[in-house]
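Input: a single structure, listed below in C-alpha cells.
No hydrogens, no waters, no symmetry mates; every other heavy atom, side chains included, goes into these values.
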Amino acid sequence: MAWIILFVAGLFEVGWAVGLKYTEGFTRLWPTVGTGVSLVLSMGLLGWALKSLPLGTAYAVWTGIGAVGTALFGILVLKEPATAARLVCLCLIVAGILGLKLFSPPGVSS
C-alpha cells in the first residue's frame, strides 16, 4: 500500500510542478490555489508513505515520478522538444525508479 501512496504522491508532485507554470509568479489566484493544494497533498502522501518505506528510496522514487511526469507534460502538452537524448534520459530515470523499487530493503511493507 505504501508504494501506491508514494506513486499518487508523485502524481501530485507533477501537479504542483506543472501548476507553477500557470501561476504566472503566483499572480493568478486559482492556479496558485491548485498548485498549493497539490503541494500539500504531495508532501502529505510522501510523509505517509515514509512511515514504512526507506527515506532515500521513497524520496528518490517520488522525485523521479515528478521529474518524468513533468517532463512528459512539457513534451506532450507544451510541445517542448522530444529529442532522442531527452527520451533516453527519461528512460534512465524510469529505470532508476524501477530499480529502487525492486531492490528496496527486505521487510519493507508494500
Query raised in the report: Is Leu102 reachable from Ile97 through a run of hydrophobic residues whose side-chain heavy atoms are each under 4.5 Å from the next?
Result: no

Requested in this report: Identify whether Tyr59 and Val40 are in the same connected component of the hydrophobic contact network (ILVMFWY, side-chain heavy atoms under 4.5 Å).
Outcome: no

Query raised in the report: For Phe73, does the CZ atom sit with more than 12 other heavy atoms under 6.0 Å from it, leaving out its own atoms?
Result: yes

Report summary line: Rounded to the nearest 0.5 angstrom, the CG-NZ distance for Leu46 and Lys51 is 12.5 Å

Query raised in the report: Does Leu53 share a hydrophobic cluster with Leu55, counting links as ILVMFWY side-chain heavy atoms below 4.5 Å and allowing steps through other members?
Result: yes

Requested in this report: Please confirm whether the backbone N or O of Gly34 pairs with a side-chain atom of Ser38, one donor and one acceptor, at under 3.5 Å?
Outcome: yes

Query - Side-chain heavy-atom pair Leu78, Lys21 within 4.5 angstrom cut-off - result: yes

Report summary line: Taken to the nearest 0.5 Å, the spacing of Leu11 CG from Trp16 CH2 works out to 14.0 Å

Report task. Measure the spacing between CG of Leu98 and CD1 of Ile93 and express it to the nearest 0.5 Å. Result -> 12.0 Å

Report summary line: The complete set of salt bridge (Lys or Arg N to Asp or Glu O under 4.0 Å) pairs with one or both residues in residues 67-85, sequence neighbours excluded, reads Glu80-Arg86

Report task. Please report the closest heavy-atom contact between Ala17 and Thr70, naming both atoms and the distance. Result -> CB-OG1, 3.6 Å

Requested in this report: For Thr23 and Leu20, indicate whether the former's side chain and the latter's backbone hold a donor-acceptor pair under 3.5 Å.
Outcome: yes

Query - Close side-chain approach of Met43 and Trp62, heavy atoms under 4.5 Å - result: yes

Requested in this report: Using atom types as modelled and distance alone, determine if a side-chain donor or acceptor of Ser42 lies under 3.5 Å from a backbone N or O of Ala9.
Outcome: yes

**Report entry** Heavy-atom check, side chain of Leu6 versus side chain of Leu45, under 4.5 Å
**Finding:** no

Requested in this report: Might you point out which heavy atoms bring Ala60 and Leu100 nearest each other, and give the distance in Å?
Outcome: CB-CD1, 3.5 Å

Report task. Kindly compute the distance separating CD (Glu13) from CG (Leu39), expressed to the nearest 0.5 Å. Result -> 9.0 Å

Query raised in the report: Heavy atoms, side chains only, cut-off 4.5 Å: are Leu87 and Ile75 in contact?
Result: yes

Query raised in the report: When you look at Trp3 and Val61, which way does the side-chain contact (heavy atoms from CB on, under 4.5 Å) test go after all the steps?
Result: CA-CA 10 Å; Trp3 287 106; Val61 169; 4.1 Å; yes

Query raised in the report: In terms of hydrophobic clustering (I, L, V, M, F, W, Y; side-chain heavy atoms under 4.5 Å; direct or indirect links), are Trp30 and Val37 co-clustered?
Result: yes

Report summary line: On a heavy-atom basis, the closest approach of Leu90 and Ala71 is CD2-CB, 3.6 Å

Query raised in the report: To which residues is Leu92 joined in a hydrophobic cluster, defined by side-chain heavy-atom contacts under 4.5 Å among Ile, Leu, Val, Met, Phe, Trp and Tyr, whether direct or through other members?
Result: Val88

